Amino acid sequence: MILRVREICDLFNLDVVSGKSNLDREVTGGYCGDLLSDVIANSSAGNVWLTIQGHQNIVAVAALKQISAIIIVNGRSADAETVAKAEEEGISILLSSKSAFEMTCLLGQAGLGK
Amino acid sequence: MKKEYEIKARDFVRAGKAAIGVQNILKSIGFEQDIIRRVSICAYESEMNVVMHGADGSLLLGVENKEIVLEVRDSGEGIEDIELALKEGYSTASEEHRDMGFGAGMGLPNMKKHSNVFEISSQKGNGTYLRMVFWVNGNRE
Ligand SMILES: Nc1ncnc2c1ncn2[C@@H]1O[C@H](COP(=O)(O)OP(=O)(O)OP(=O)(O)O)[C@@H](O)[C@H]1O
Ligand SMILES: [Mg+2]
């Protein structure tokens with residue numbers, strides 16, 4: 001099943017801190033990872049990316065891999081530079097207080113990846 | 001066609017701009033997704049290595065009929081043991097860089113895996129030079 005970023009935000013009440021005009025992007029699956037070299041090698045276009053990293057380097061990775069949105073989990077926040085860079089590249093960043101595992105389960109229950 | 005990008009060591013604000021620039025050029029030329037994906041991965045990993053481990057340097061993109069070439073050089077400390085540096089999991093990244101998500105020791109292995117030709121030369125104290133070739137349509141002539 002394909003979800004839109006907007007539906008994911010609405011379903012789980014996620015805070016949108018950047019890329020508000022790109023919430024219509026389709027999400028076709030997901031990837032969890034905090035090591036950038038792992039994510040750049042193994043994530044796919046159209047994924048939602050779940051990470052604890054709020055550092056600005058996540059933006060280039062998401063842009064290069066055509067990630068549909070980043071969800072920063074565990075109640076962490078995005079640095080100010082991250083938000084600025086994400087706006088520039090049109091990357092949506094969402095915040096969740098849940099862990100990557102909990103969020104992944106919820107996305108699965110919502111039908112993502114099925 | 002050739003395009004050169006400057007890379008600034010330790011500049012995390014700019015980091016990634018060269019790789020994104022390369023990807024945009026390849027997209028506008030109309031290359032297939034798979035080769036764009038592979039070149040992008042290699043451009044990103046090589047750019048980040050200069051930012052993190054090297055000194056100011058450059059990334060040169062060359063696009064020809066049958067191949068795409070990336071040449072990345074920096075004038076930093078260089079690599080003492082190249083064989084060791086190429087091992088998956090080997091990293092000298094600092095604690096600070098690890099906190100930012102670097103230091104998996106996967107950059108060089110990723111580049112080797114995703115390029116058709118991978119050449120590296122480096123000497124302690126003499127900088128690092130990388131050359132990667134990507135065959136368009138699997139063409140190797
Ligand atoms: N341009 C460079 N100058 C000096 N040393 C380098 C350079 N590129 C790589 N190295 C050395 O090779 C090691 C391995 O590089 P590699 O890209 O595989 O991993 P990493 O950069 O440490 O971690 P990752 O890429 O997964 O974030 C580095 O830790 C560093 O010691
Ligand atoms: Mg690296």
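Hydrogens, waters and symmetry mates are skipped; everything else that's a heavy atom, side chains included, is used. The model shown is predicted, which means the values in this text are computed figures rather than measured ones. Sequence lines set the chain letters: A, B, ... in the order given, protein chains first and strands last, and positions in each chain run from 1.
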Bottom line for Val13(B): the part with an atom under 4.5 Å from chain A's heavy atoms is both
message = Other residues, nucleotides and ligands only: do more than 12 of their heavy atoms fall within 6.0 Å of CD on Glu119(B)?
response = yes
For Ile41(B) and Ala41(A), the nearest pair of non-hydrogen atoms, with its separation, is CD1-CA, 4.3 Å
Under 4.5 Å side-chain linkage, directly or through intermediates, the cluster mates of [X]:
X: Leu35(A); value: none
X: Val73(A); value: Met1(A), Leu3(A), Val5(A), Ile8(A), Leu11(A), Phe12(A), Leu14(A), Val16(A), Leu23(A), Val27(A), Val48(A), Leu50(A), Ile52(A), Ile71(A), Leu94(A), Met103(A), Leu106(A), Leu107(A), Leu112(A)
X: Ile2(A); value: none

Treat each ILVMFWY residue as a node, draw an edge where side-chain heavy atoms are under 4.5 Å apart, and state whether [X] and [Y] are in one component.
X: Val133(B); Y: Leu60(B); value: no
X: Ile79(B); Y: Met106(B); value: no
X: Tyr129(B); Y: Met48(B); value: no

Across chain B and chain A, what donor-acceptor pairs are shorter than 3.5 angstrom?
{"residue": "Phe12(B)", "atom": "O", "partner": "Lys85(A)", "partner atom": "NZ", "Å": "3.1"}
{"residue": "Val13(B)", "atom": "O", "partner": "Lys85(A)", "partner atom": "NZ", "Å": "2.9"}
{"residue": "Ala15(B)", "atom": "O", "partner": "Lys85(A)", "partner atom": "NZ", "Å": "3.4"}
{"residue": "Lys17(B)", "atom": "NZ", "partner": "Glu88(A)", "partner atom": "OE2", "Å": "3.0"}
{"residue": "Gln23(B)", "atom": "NE2", "partner": "Leu64(A)", "partner atom": "O", "Å": "2.8"}
{"residue": "Glu45(B)", "atom": "OE1", "partner": "Ser37(A)", "partner atom": "OG", "Å": "3.2"}
{"residue": "Glu45(B)", "atom": "OE2", "partner": "Ser37(A)", "partner atom": "OG", "Å": "3.0"}
{"residue": "Gly101(B)", "atom": "O", "partner": "Leu36(A)", "partner atom": "N", "Å": "2.9"}
{"residue": "Asn110(B)", "atom": "ND2", "partner": "Ser37(A)", "partner atom": "O", "Å": "3.1"}

